[in-house]
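Okay, structure first, notes after.
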Amino acid sequence: MAAASRSGLSGWLYRVSDSDIWWSFKSSPMTVAAAVATFLIIAVAFLSPVLAPHTPFDPATLSLSDGLKPPVLVSPDGDWAFPLGTDDQGRDVLSSIMYGTRLSLIVSLAAVAVAMVLGISLGLISGYFGGAIDAVIMRVADVQLTFPAILVALLIDGVVRGLISVKRHDEIAIFVVVGAIGLSFWVSYARTVRGSVMVEKNKEYVQAARVIGLPPLLIMVRHVLPNVTGPVLVIATLNLGLAIITEATLSFLGVGLPSTEPSLGTLIRLGNEVLQSGDWWITVFPGVTLAALVLAVNLLGDWLRDALNPKLR
Amino acid sequence: MLAFILRRILQSSAVLLAVGLVAFSLFRYVGDPVNAMVGQDTTMEERDALREKLGLNDPAPVQFFHFIANAARGNFGLSYRTSEPVGRLILERVPATLELSFCAAVFVLFVGVPMGVYTGLYPRHWSSRLLQAVSLIGISLPTFLIGILLILVFAVTLHWLPSFGRGDTVKVGWWVTNFLTVSGLKALILPAITLGLFQLTLIMRLVRSEMLEVMRTEYIKFARARGLTNRAINFGHALKNTLVPVITVAGLQLGSLIAFAVVTETVFAWPGVGQLFIQSVQFSDIPVMAAYLLLIGLFFVLVNLIVDLLYFAVDPRLRSQGGGARVGGH
């Protein structure tokens, strides 16, 4: 970023196009395809209020006579107004998917942000101060790692349900899901950050910063943290794929987002309830969208991990 | 070796104690044991009397001790949802989950390891590349989606296999089993594949990369020079040396099988512990959640312990080194 201030946007673009990362990105067609797919899905999802042909979750615009229309490409009964068909309530599947993807993305991005902030803070504290506080944080991390993230998220969700009433729960469901997923993913960040901090804190530049009297918080954020951006970025990308899956799973199990505000997982659950009658499109299209999104994000994460790993260069 | 095992047991107990503390806090502070046991018209005095009788006014450490002692005897209190004893509720459903997880584990090991060996031995063959690409998609598909797709193809469209429930079961003692009837065995196929597929791709990819590494070593070249058969080299020498990391991951994955049974059981309406857990999360049935947490904690700790002990069986170098050795995957 320093170059940007010196020679403007063109200088920054030159630096990017001249870097190892860009070269490694360009020379992997699979990664470019994954990046394009991710970008497209994200763009379409966030533009869904503009692009979507219908407003599927406004009951006033629905008509039961439009219910259970099959997709246009497989059946002559299809209606071009509903290219991917409709569900039993007459909601347009395509529009539901667009809005659902947006919600899934918002929840998983927020959850990854929560996990990242929490994990980085605890990892910095743990590594910088050491001693008893380090021991406590790392033992909690160990115990939590014993359980798969989905179980931890389920448990947190169930506890919150026990603490608040059902009606309130639907209103704050999105925050509960974000918190539950965020809390179940913090450990990998904390461990990575802690490891680097323990290496960096004995180096001379940190000692120098301490000698000139900088407060610990400033040293950690300004001087130690930049050393771990690479690994943290890799974890965050791989975590995003996992967070999307976890959110979808929670919603599918009926403990995530409510059916009034459906994410991809909720759509798949609603479709699954009528699957036995053979109306496959209500389930399959959200499912394919989910799989494509996760696959693209995972491919990006895998590439980033290899590209930032100096051992593999 | 004995010191190592003792230390591992001590660490495991500490983890279990921490899990127990979480379960106890859930049971005692998130849920209210008294509310679950009385009707709406119970007076405050009666509630207080019950509170005293249950020992809920004792100091917290005493209560924690009682909670653990009761849990060890399988007494977890009453379910908020059905008012039945939680211990019995769980015990009734344990066989279904264990049989499902067992079948999934067999599927994972007996399909995943050979696939990994094959793709590791012939990495450039087109079928290996295909398997590798398919496994990447397998990792990106959530478990419940795999289940739904299998139901759509094999149950709804082809009508080959049932899509929900356990089919006909046979009671052997208190254990209700699927293994003794044709419909029970048929009912197991789709859920077991669904549950195992993700783990299968992980094991396959792991065995593949370990095999690729081992096949480059000197002792494999030497074994070839000695004129050993391919079979002896591939399985006797190469596969055996990939086992330590494979056992680590396989052990941890076995634990995940039980956890992901939660999802699979919901998709296939399989009457196991996982389904019970989901219902208890939906109704915030705290005693069931606490009991499930303890049970899963115990299971994971035991699996980890067994995995550690298996290292000694697999890797003779550890046995001679004595207690200090600690092996990890990577």
Side-chain angles (χ1 to χ4, degrees), chain A residues 30 139-140 142-164 166 169 241-242 244-255 264-265 268-269 271-272 275-280 283-284 286-288 290-299 302, chain B residues 11-12 14-19 21-22 25-26 29-32 80 136-137 139-149 151-153 155-157 163-164 252 255-256 258-260 262-263 266-267 274 277-286 288-290 292-293 296-297 300-301 303-304:
Chain A
M30 187 88 122
R139 287 300 83 73
V140 172
D142 285 347
V143 172
Q144 189 174 326
L145 262 196
T146 318
F147 300 96
I150 180 85
L151 276 190
V152 178
L154 273 172
L155 211 64
I156 296 171
D157 195 88
V159 169
V160 175
R161 267 164 208 272
L163 291 173
I164 57 176
V166 177
H169 187 272
L242 224 71
I244 296 171
I245 288 188
T246 309
E247 185 278 318
T249 307
L250 287 179
S251 295
F252 174 76
L253 293 173
V255 294
L264 285 177
I268 295 169
R269 169 165 62 88
N272 190 36
L275 188 67
Q276 297 291 338
S277 51
D279 306 323
W280 52 272
T283 319
V284 169
V288 169
L290 179 69
L293 178 60
V294 175
L295 184 65
V297 171
N298 278 351
L299 282 171
D302 275 346
Chain B
Q11 281 171 356
S12 310
V15 170
L16 264 188
L17 210 63
V19 174
L21 198 63
V22 175
S25 328
L26 281 185
Y29 299 109
V30 177
D32 184 351
Y80 290 0
L136 192 66
I137 297 173
I139 281 186
S140 300
L141 275 179
T143 310
F144 67 92
L145 208 55
I146 295 172
I148 290 175
L149 293 179
I151 287 181
L152 189 62
V153 174
V156 177
T157 311
S163 63
F164 61 88
L252 293 175
S256 305
I258 299 272
F260 279 99
V262 171
V263 180
T266 308
V267 177
F277 177 63
I278 284 296
Q279 285 161 355
S280 74
V281 168
Q282 279 164 348
F283 288 87
S284 70
D285 190 346
I286 301 292
V288 177
M289 284 167 67
Y292 181 79
L293 181 65
I296 288 283
F300 271 81
V301 162
V303 166
N304 282 341

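Below, chains carry the letters A, B, ... as their sequence lines are ordered, and counting in each starts from 1. If you're wondering where the values come from, they're calculated on a predicted model, not measured in any experiment.
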(message) With a 4.5 angstrom heavy-atom cut-off, is it the side chain or the backbone of B/L145 that approaches chain A, or both, or neither?
(response) side chain
(message) Can you tell me how far apart CG (A/L155) and CZ (B/F277) are? Round to the nearest 0.5 Å.
(response) 5.0 Å
(request) Pick one of side chain, backbone, both or neither for A/L299, based on which atoms fall under 4.5 Å of a heavy atom in chain B. (result) side chain
(request) For B/P142 and A/L290, work out which heavy atoms get closest and say how close. (result) CG-CD2, 3.5 Å
(message) Between A/I150 and chain B, with a heavy-atom cut-off of 4.5 Å, which part of the residue counts as in contact: side chain, backbone, both or neither?
(response) side chain
(request) Calculate, to the nearest 0.5 Å, the distance between atoms CG and CZ belonging to A/L151 and B/F260 respectively. (result) 8.0 Å
(request) Could you tell me whether the side chain of A/N272 reaches within less than 4.5 Å of the side chain of B/F144, counting heavy atoms only? (result) no
(message) I'd like to know which of A/L242, A/N298, A/D302 tops the heavy-atom pair count under 4.5 Å against chain B.
(response) A/N298
(message) Among residues at least two apart in sequence or on other chains, which ones pass side-chain contact (heavy atoms from CB on, under 4.5 Å) with A/L253?
(response) A/L154, A/T249, A/V255, B/V262, B/V263, B/T266, B/I278
(request) Could you walk me through whether A/I268 and B/I148 pass the side-chain contact (heavy atoms from CB on, under 4.5 Å) test, one step at a time? (result) CA-CA 9 Å; A/I268 295 169; B/I148 290 175; 3.4 Å; yes
(request) Using non-hydrogen atoms and a 4.5 Å limit, figure out which bit of B/L293 sits close to chain A: side chain, backbone, both or neither. (result) both
(request) Under the side chain to side chain donor-acceptor pair (under 3.5 Å) rule, collect the residues that match up with B/Q282, sequence neighbours excluded. (result) none
(message) For the interface with chain B, which of A/V284, A/V297, A/V159 has the highest count of heavy-atom pairs at distances below 4.5 Å?
(response) A/V159
